[in-house]
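These notes are about the structure you will find just below.
Just so you know, residue 1 is the first one in the sequence shown, and it goes up from there.
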Amino acid sequence: MTALAHVPTSAGQPAAPPGPRRGRSRLLPYLLLLPGAAWLLVFFVLPLLQLAAASLYDPSGSLATGYAMTGEVGNYWDALRAYWPQFARSFAYSAIALVLALLMGYPLAYAIAQKAGRWKNLLLVAVVAPMFTSFLVRTLAWKTILSDNGALVGLLRDVHLLGADGRLLATPFAVVLGLTYNFLPFLVLPLYASLERLDPRLLEAASDLYASPLRAFRRVTLPLSMPGLIAGTLLFFIPATGDYINAELLGTPNEYMIGNVIDSAFLVRLDYPQGAALSFLLMAAILAIVFVYLRKAGTEEVL
């Protein structure tokens, strides 16, 4: 019996007898996950369930008289029918801002990752530095820059790029500009992380094989930067679509996005069923877009 307990395994080591220590080692990963799971349960899942319940309340109720749970699925249709222009505007503004951010952010991330040399850290700080200031303060700063009496508008009028009564503030241009500026670091940093790992010898090899710079970018740089590009576009687009600060401060009610409507429903009109229904519609639309985008991006990366 004693000899059998010490029979070596195929690796030449004695088999470890099962015991409480081995059982605890199996449970350790799950125990480490408990704090995070508890946090998500309390501060995400439970509020989400409450929001789902609120979206089905009787819309004729109020905070004073209370809301009855009547399962009003029609709240979703009513909300979409009333505010579909704000939905469309939110996605249009976010998409335009994303394109502008890509046109600026990709070359910037590439320059920092591959060409900056000893200035790399300083440039990264310059990208992140605006985030040390409040989101609200940064947007108010743009309100001052774009104001009708500001130097920028005066210069554009002097060179006849704006008419005598032309303006930048309280226009779709101002809202898109604010979205682009405020969320640009969320795009640049993931792109930088991918491009920083790019081996320059791959580009040299492409050049040796007579690939043009454009072809080398399309066949080497772009595919290798796809993980950062996908992460950056999602980190930019998702919060930009639900934003309401830029439209509130840089636009007018004609430029309001769906975030402004949700904010008004919860805090001004106190219409909780409608606000909750709009929130779920926005989440569903974003999830659908993200799902399609990830599938398409994944297919292109494989090809």
Side-chain angles (χ1 to χ4, degrees), residues 43-44 47-57 59 63 75-102 130-131 133-143 146 168-187 231-293:
F43 295 105
F44 179 74
L48 194 64
L49 293 176
Q50 178 59 40
L51 191 68
S55 69
L56 301 175
Y57 286 162
L63 287 180
N75 289 339
Y76 288 91
W77 171 246
D78 293 339
L80 184 60
R81 183 175 55 184
Y83 295 107
W84 69 265
Q86 285 80 3
F87 267 106
R89 191 178 298 130
S90 297
F91 288 105
Y93 285 178
S94 301
I96 295 171
L98 177 59
V99 171
L100 294 176
L102 283 171
M131 300 180 68
T133 308
S134 167
F135 188 96
L136 184 61
V137 172
R138 299 200 306 269
T139 309
L140 287 172
W142 274 107
K143 186 174 183 178
L146 301 176
L168 297 178
L169 190 63
T171 63
F173 170 80
V175 178
V176 171
L177 181 63
L179 291 173
T180 305
Y181 167 77
N182 279 308
F183 296 106
L184 183 62
F186 295 101
L187 176 68
T233 51
L234 292 180
L235 289 173
F236 183 101
F237 182 78
I238 293 174
T241 305
D243 179 71
Y244 65 96
I245 295 295
N246 287 280
E248 180 75 28
L249 297 179
L250 303 179
T252 67
N254 293 328
E255 286 79 42
Y256 276 3
M257 300 166 64
I258 195 61
N260 301 94
V261 178
I262 295 173
D263 174 68
S264 175
F266 278 115
L267 301 180
V268 179
R269 294 182 283 112
L270 303 180
D271 190 347
Y272 284 15
Q274 188 180 79
L278 288 170
S279 300
F280 262 88
L281 286 171
L282 179 61
M283 283 190 289
I286 289 177
L287 285 175
I289 291 174
V290 169
F291 178 75
V292 172
Y293 173 67

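Applying the ring pair (Phe, Tyr, Trp, His ring centres under 6.0 Å) test to F43 and every residue at least two apart in sequence or in another chain returns W39. Residues satisfying the ring pair (Phe, Tyr, Trp, His ring centres under 6.0 Å) test with Y272, not counting sequence neighbours, are F266. For D243, the side chain to side chain donor-acceptor pair (under 3.5 Å) partners two or more places apart in sequence, or in a different chain, are N246. Here F173 pairs with nothing under the ring pair (Phe, Tyr, Trp, His ring centres under 6.0 Å) rule; sequence neighbours left out. Residues forming a side-chain contact (heavy atoms from CB on, under 4.5 Å) with V292 (at least two apart in sequence, or on another chain): none. The side chain to side chain donor-acceptor pair (under 3.5 Å) search around S55 returns Y76, not counting sequence neighbours. A search for side-chain contact (heavy atoms from CB on, under 4.5 Å) contacts involving P130 returns R138, Y181, not counting sequence neighbours. Residues that satisfy the side chain to side chain donor-acceptor pair (under 3.5 Å) test with D78, not counting sequence neighbours, are R81. Every residue two or more places apart in sequence or in another chain was checked for a side chain to side chain donor-acceptor pair (under 3.5 Å) with Y83, and none qualifies.
A distance of 11.5 Å separates CZ of F183 from CD1 of I238, quoted to the nearest 0.5 Å. Of the inter-residue distances, the one linking L177 atom CG with T139 atom OG1 reads 10.5 Å to the nearest 0.5 angstrom. Remark: F135 CZ to N182 CG distance equals 4.0 Å, nearest 0.5 Å. Atoms CG and CG, on N75 and L80 in that order, are 12.5 Å from each other to the nearest 0.5 Å. Note that CG of L140 is 8.5 Å distant from CG of L250, once rounded to the nearest 0.5 Å. Taking OG1 from T233 and CG from L102, the interatomic distance works out to 7.0 Å, rounded to the nearest 0.5 Å.
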Under 3.5 Å, side-chain donor or acceptor atoms of residues 87-100 against the rest of the protein: list the pairs with distances, not counting sequence neighbours.
| from | atom 1 | to | atom 2 | distance (Å) |
| --- | --- | --- | --- | --- |
| R89 | NE | N254 | O | 3.4 |
| R89 | NH1 | Y256 | O | 2.6 |
| R89 | NH2 | N254 | O | 3.4 |
| S90 | OG | Q86 | O | 2.8 |
| S90 | OG | I258 | N | 2.7 |
| S94 | OG | S90 | O | 2.8 |
| S94 | OG | A240 | O | 3.4 |
| S94 | OG | T241 | N | 3.2 |
| S94 | OG | T241 | OG1 | 3.3 |

Going by atom type alone, with no hydrogens or angles, which donor-acceptor pairs under 3.5 Å involve a side-chain atom of residues 273-290 and a protein atom two or more places apart or on another chain?
| from | atom 1 | to | atom 2 | distance (Å) |
| --- | --- | --- | --- | --- |
| Q274 | OE1 | R269 | NH1 | 2.9 |
| Q274 | OE1 | R269 | NH2 | 3.1 |
| S279 | OG | G275 | O | 2.8 |

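Listed by first and then second residue, the salt bridge (charged side-chain N to carboxylate O under 4.0 Å, His left out) pairs that reach into residues 245-262 come to none, sequence neighbours excluded.
In this structure, F236 and A101 approach most closely via the heavy-atom pair CE1-CB, 3.6 Å. Considering every non-hydrogen atom in both L168 and A174, the closest pair reads O-CB, 3.3 Å.
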Note to self: Show, in sequence, the C-alpha distance, side-chain angles and deciding distance for L146 and T171, and conclude whether the side chain to side chain contact (heavy atoms under 4.5 Å, CB included) test is met.
What the structure shows: CA-CA 10 Å; L146 301 176; T171 63; over 6 Å; no

